[in-house]
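Please read the structure below before turning to the comments.
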Amino acid sequence: MKFLISADMEGATGVTWPADVEPGNPAWQRCRPMFTSDVNAAVAGLFDGGAREVVVNEAHATMRNLLVEELDERAEMITGRHKALTMVEGVQTGDVDGVVFLGYHAGAGTEGVLAHTYLANSITGVWLDGEPASEGRLNALVTAEYGAPVVLVTGDDRACTDAASYAPHAKTVAVKDYVSRYAARCRPPARTYADIAAAAKEATTLAGHQPSLRAAGPFEVEVEVDATQLADFAAMVPTVQRVAPRRVRYTSSSAFDMIRCFKAVTTLISNAIEQDYG
Ligand SMILES: [Zn+2]
């Protein structure tokens, strides 16, 4: 059995504050070992459950957050950014039996610790076929297209609730409970390590199961932003139309195209943000 761990940082143990996840900050340095501990717990649980291969894909910001020198020696890690499938890079090999979304978080405009979708605050909502869509839902569609089910999701309690909507059979571990967007009631790493390892071992029984999301397009995506020039810029991407002053829409025939177009849209949006006015 081969597993892919897509590792984001906002939903990691102990993380509640922007500086905790912003590369270069002292708070980020402090949180990197807790994030790495969550990943190692998942790796250990997956191997306990019979995994023969585990690949970790860094999925946060610069995608250089985890401490490879501390990584369980049985795993391998894709680190660094500019990857074809961004957060779920590695699934396109087609031989992945199960995917772990580790350190995930609720989507933009919803309640959750550090809730957002791709961009920290300029995107105010994302909908897929009319339903609110978090990073977890978007990425789960991509893994489904390659036949790989999501078997485990970790994050705050709101990320776990979100996971139930796109991967209802997946195991979930809440490492903290939502208090506000920047506050949580946190469990210490010693506890979350044990919880994640136990859930990951159980999750191996879901390997190879049919993904619960349909893997066939077309997929219609709408993105709402907090300033009009961001929508203007997003609409420069071929196939993307501005449907309201702060809203764009596009349709893709596959999840592969859907997530790549989403990346193009978010890249152009982030390039059009001005420091104080947004
Ligand atoms: Zn992130």
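What you are looking at is a predicted structure, and each value in this text was computed from that prediction instead of being measured.
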Taking [Y]'s backbone N and O only, do any of them form a donor-acceptor pair with [X]'s side chain (distance below 3.5 Å, no angle check)?
| X | Y | result |
| --- | --- | --- |
| S253 | P218 | no |
| Q229 | A272 | yes |
| R181 | G112 | no |
| D20 | W28 | no |
| Q92 | G90 | yes |
| T205 | E202 | yes |
| T13 | T192 | no |
| N65 | H60 | yes |
| N139 | V88 | no |
| S122 | V225 | no |

Rounded to the nearest 0.5 Å, how far apart are [atom1] of [X] and [atom2] of [Y]?
| X | Y | atom1 | atom2 | value |
| --- | --- | --- | --- | --- |
| I196 | R187 | CD1 | CZ | 10.5 Å |
| T251 | Q241 | OG1 | CD | 8.0 Å |
| R247 | R249 | CZ | CZ | 8.0 Å |
| E145 | S254 | CD | OG | 4.5 Å |
| T154 | K176 | OG1 | NZ | 9.0 Å |
| L114 | Y182 | CG | OH | 7.0 Å |

Listed once per pair and sorted, the side-chain hydrogen bond (donor to acceptor under 3.5 Å, both in side chains) pairs that draw on residues 269-278, sequence neighbours left out: none

Restricting to non-hydrogen atoms, name the atom on [X] and the atom on [Y] that form the minimum distance, rounded to 0.1 Å.
| X | Y | result |
| --- | --- | --- |
| V39 | A7 | CG2-CB, 4.0 Å |
| T239 | Y250 | O-CB, 3.5 Å |
| A42 | A200 | O-CB, 3.5 Å |
| T266 | L119 | O-CD1, 3.8 Å |
| A27 | A19 | CB-O, 3.7 Å |
| A231 | V248 | O-CG1, 3.6 Å |

Minimum side-chain heavy-atom gap [X]-[Y] below 4.5 Å:
| X | Y | answer |
| --- | --- | --- |
| Y178 | E111 | yes |
| L102 | D8 | no |
| V240 | C261 | yes |
| V56 | I78 | no |

Using salt bridge (charged side-chain N to carboxylate O under 4.0 Å, His left out), reason through R242 and D232 one step at a time and then give a plain yes or no. CA-CA 7 Å; R242 205 183 76 142; D232 293 338; 3.1 Å; yes

Applied to residues 90-123, the ring pair (Phe, Tyr, Trp, His ring centres under 6.0 Å) test, sequence neighbours excluded, yields F101-Y104, H105-H116, Y118-F262

Membership question, hydrophobic clusters at under 4.5 Å side-chain separation (ILVMFWY): are [Y] and [X] in the same one?
| X | Y | result |
| --- | --- | --- |
| V173 | V150 | no |
| V142 | V223 | yes |
| L66 | V68 | yes |
| I259 | V100 | no |
| Y166 | V99 | yes |

Check whether more than 12 heavy atoms from other residues, nucleotides or ligands sit under 6.0 Å from atom [atom1] of [X], and answer yes or no.
| X | atom1 | value |
| --- | --- | --- |
| R74 | CZ | yes |
| E22 | CD | yes |
| W127 | CH2 | yes |

For a quick check under 3.5 Å, do [X] and [Y] share a side-chain donor-acceptor pair by atom type?
| X | Y | value |
| --- | --- | --- |
| T124 | E224 | yes |
| N40 | E70 | no |
| S6 | N57 | no |

Carefully, step by step, assess M9 and R32 under the rule side chain to side chain contact (heavy atoms under 4.5 Å, CB included). CA-CA 9 Å; M9 196 170 186; R32 295 173 76 192; 4.2 Å; yes

Applying side chain to side chain contact (heavy atoms under 4.5 Å, CB included), run through I5 and V54 and close with a yes or a no. CA-CA 7 Å; I5 300 175; V54 177; 3.7 Å; yes

D156 and V175: CA distance, side-chain angles, deciding distance, side chain to side chain contact (heavy atoms under 4.5 Å, CB included) verdict: CA-CA 6 Å; D156 70 352; V175 300; over 6 Å; no

State plainly whether the residues [X] and [Y] are in salt-bridge range, i.e. N to O under 4.0 Å.
| X | Y | result |
| --- | --- | --- |
| D177 | R158 | no |
| E58 | R64 | no |
| D95 | K2 | yes |

May I have the step-by-step check of side chain to side chain contact (heavy atoms under 4.5 Å, CB included) for L85 and F256, ending in yes or no? CA-CA 8 Å; L85 287 179; F256 177 84; 3.7 Å; yes

